[in-house]
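What follows is one structure encoded as structure tokens, with my remarks underneath.
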Amino acid sequence: MQTLLDMGDWTKAAILSRSYPEDIGPDIAYSGPIALLHLGEMENAKIGFERAVSTNRRVAMELLKTRHARPASEHPGYMSIGGAEEAFDYWERNRTHCARDSEALKLLQKII
């Protein structure tokens, strides 16, 4: 998914996301709606973000922050699923797709 987003291949990213509807990891749950926004599918993106927020709100909260700090980890080099480390990692890898003025953040702001 990361490569598809970085390449701007929104169609393949949306297809990948739709191939795993039960995946709640941020790479599918949050990246799918980002791809849908780029394809002009606002309503589907909104539904996707609502689902993503309901399963992992921390990622949304990290994306919406104006200042980001790497969280202290009890186990350096590891991430807990649903934890602060996972949320920061997702933001760090996807910050260009979730710039302050992006449609993704505007939509997340409304959902939160």
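Positions are given from 1 along the sequence.
- With rounding to the nearest 0.5 Å, the separation of CG in D9 from OG1 in T11 is 6.0 Å.
- With respect to E85 and R70, no salt bridge is recorded, no charged nitrogen being found less than 4.0 Å from a carboxylate O.
- Remark: I81 CD1 to R58 CZ distance equals 13.0 Å, nearest 0.5 Å.
- Judged as a ring pair (Phe, Tyr, Trp, His ring centres under 6.0 Å), not a single pair has a partner in residues 46-65 (not counting sequence neighbours).
- Note on ring orientation: taking the six-membered ring where Trp is involved, the planes of H38 and W10 are parallel (angle under 30°, cut-offs 30° and 60°).
- The structure places CG of L105 at 12.5 Å from NE2 of H97, a figure rounded to the nearest 0.5 Å.
- By the rule that hydrophobic residues join a cluster once side-chain heavy atoms approach within less than 4.5 Å of another member, I28 and I47 end up as members of separate clusters.
- Across all their heavy atoms, A35 and A14 have their closest contact at CB-N, 3.9 Å.
- Between D23 and A29, the shortest heavy-atom distance links the atoms O-CB, 4.2 Å.
- Here the closest non-hydrogen pair linking A13 and L5 is CB-CD2, 4.1 Å.
- Here the straight-line distance linking atom CG of N44 with atom CG of L39 works out to 10.0 Å at 0.5 Å rounding.
- Here the rule is side chain to side chain donor-acceptor pair (under 3.5 Å) with W91, and of H68, E62, E86 only H68 fits it.
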Verdict with reasoning, L63 to R95, per side chain to side chain contact (heavy atoms under 4.5 Å, CB included): CA-CA 8 Å; L63 292 173; R95 59 184 163 213; over 6 Å; no
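- The hydrophobic cluster containing I15 does not contain Y30, counting ILVMFWY residues as joined when their side-chain heavy atoms lie under 4.5 angstrom apart, directly or transitively.
- Salt-bridge check for R18 with E41: passed, with a basic side-chain N closer than 4.0 Å to an acidic carboxylate O.
- Cluster membership check: L107 does not share its hydrophobic cluster with L36, using side-chain heavy-atom separations under 4.5 Å among Ile, Leu, Val, Met, Phe, Trp and Tyr.
- Inter-residue side-chain proximity for R51 and I24 is flagged as met; some heavy-atom pair is nearer than 4.5 Å.
- Nearest heavy-atom pair, G32 versus S17, reported as atom, atom and distance to 0.1 Å: CA-OG, 3.4 Å.
- Rounding to the nearest 0.5 Å places CD1 of I111 at 10.5 Å from CD of Q109.
- For R93 and D27, the salt-bridge test passes: some basic side-chain N is under 4.0 Å from an acidic carboxylate O.
- The minimum heavy-atom distance linking I34 with A104 is given by the pair CG1-CB, 4.1 Å.
- Side-chain contact between K46 and K110 is absent, with no heavy atoms from C-beta onward closer than 4.5 Å.
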